[in-house]
Amino acid sequence: WAIPKGTPGVVWAAGTTTSCSAQGFFLTLSVAVPIYNAMLSLYYVLVIKYQCTDATLRRRVEPCMHAIAGLWAFGTALYSASTGLLNNANLWCWIAPLPQGCKDSWRYGVDGNCVRGDNWWIYRWAFY
């Protein structure tokens, strides 16, 4: 498992903070799948309902679709990895607080005590 070794309550935890961040990065990239699914639906609407030509789709629409999916997926993954949001999320590493159950600064202000993943619940909501 990529979850850091010694994490309480996790069987076979054998990773490090870095391996956990790497797993969380690739898991976060998977948001591109539903975005591409939505883009495929939009593509069919444009072709069937609005009868867009292949040239118009190829030149104008497809680059935007790829940009939206790629920028959102890589943007959220890079931000999450670079700001320490990716931690043990019980089954795998994803956006989570460290230590589990810590007080975040959004709700508790100066009494917040999260070492990593501060305000994790906001990022989960915003990114997904």
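Along the sequence shown, residues carry numbers from 1. This is a predicted model, so every value here is computed, not measured.
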Arg60 CZ: over 12 foreign heavy atoms closer than 6.0 Å: no

Atom CZ of residue position Phe74 - does it have more than 12 heavy atoms of other residues, nucleotides or ligands inside 6.0 Å?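 No - once you tally the heavy atoms of other residues, nucleotides and ligands closer than 6.0 Å, there are 12 at most.
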
Write down the atom of [X], the atom of [Y], and the distance for their closest heavy-atom approach.
{"X": "Met39", "Y": "Met65", "value": "O-CE, 3.3 Å"}
{"X": "Trp72", "Y": "Ala126", "value": "CZ2-O, 3.7 Å"}
{"X": "Asn87", "Y": "Gly84", "value": "ND2-O, 3.3 Å"}
{"X": "Ala69", "Y": "Ala32", "value": "O-CB, 4.3 Å"}
{"X": "Ala96", "Y": "Arg124", "value": "CB-NH2, 4.1 Å"}
{"X": "Ser19", "Y": "Thr16", "value": "OG-N, 2.7 Å"}

Does the side chain of Trp94 come within less than 4.5 Å of Gln23's, by heavy atoms? no

Is the closest side-chain heavy-atom distance between Cys93 and Leu27 below 4.5 Å?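 Result no, sub-4.5 Å side-chain heavy-atom pair not found.
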
Under 4.5 Å between side-chain heavy atoms, hopping through other hydrophobics if needed: is there a path connecting [X] to [Y]?
{"X": "Ile122", "Y": "Trp120", "value": "yes"}
{"X": "Trp92", "Y": "Ile3", "value": "no"}
{"X": "Leu91", "Y": "Val11", "value": "no"}
{"X": "Val45", "Y": "Val47", "value": "yes"}
{"X": "Leu71", "Y": "Leu42", "value": "no"}

Let me confirm one number: the [atom1]-[atom2] distance from [X] to [Y], rounded to the nearest 0.5 Å.
{"X": "Tyr128", "Y": "Ile95", "atom1": "OH", "atom2": "CD1", "answer": "5.5 Å"}
{"X": "Leu57", "Y": "Tyr50", "atom1": "CG", "atom2": "OH", "answer": "13.5 Å"}
{"X": "Thr83", "Y": "Asp118", "atom1": "OG1", "atom2": "CG", "answer": "10.0 Å"}
{"X": "Leu85", "Y": "Leu98", "atom1": "CG", "atom2": "CG", "answer": "11.5 Å"}
{"X": "Cys20", "Y": "Lys5", "atom1": "SG", "atom2": "NZ", "answer": "15.5 Å"}
{"X": "Phe25", "Y": "Ser30", "atom1": "CZ", "atom2": "OG", "answer": "11.5 Å"}

Test of understanding: with side-chain contact (heavy atoms from CB on, under 4.5 Å), list the residues that count as partners of Trp121, not counting sequence neighbours.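 Testing Trp121 for side-chain contact (heavy atoms from CB on, under 4.5 Å), a comparison that skips the adjacent residues, returns Asp104, Trp106, Arg107.
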
For the residue pair Tyr123 and Tyr79, does the interplanar ring angle fall in the parallel (under 30°), tilted (30 to 60°) or perpendicular (over 60°) class?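 Aromatic pair Tyr123/Tyr79 classed tilted.
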
Would you say Ser41's side chain and Asn37's backbone share a donor-acceptor pair under 3.5 angstrom?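 Flag set: sc Ser41 to bb Asn37 pair under 3.5 Å.
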
Is there a donor-acceptor contact under 3.5 Å from the side chain of Arg116 to the main chain of Leu86?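 Answer holds: yes.
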
Do Thr56 and Thr53 have side-chain atoms, one donor and one acceptor, less than 3.5 Å apart?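 The answer is yes; a qualifying pair exists.
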
Within the 3.5 Å criterion, strictly below it, is a donor on Asn88 or Thr7 matched to an acceptor on the partner's side chain? no

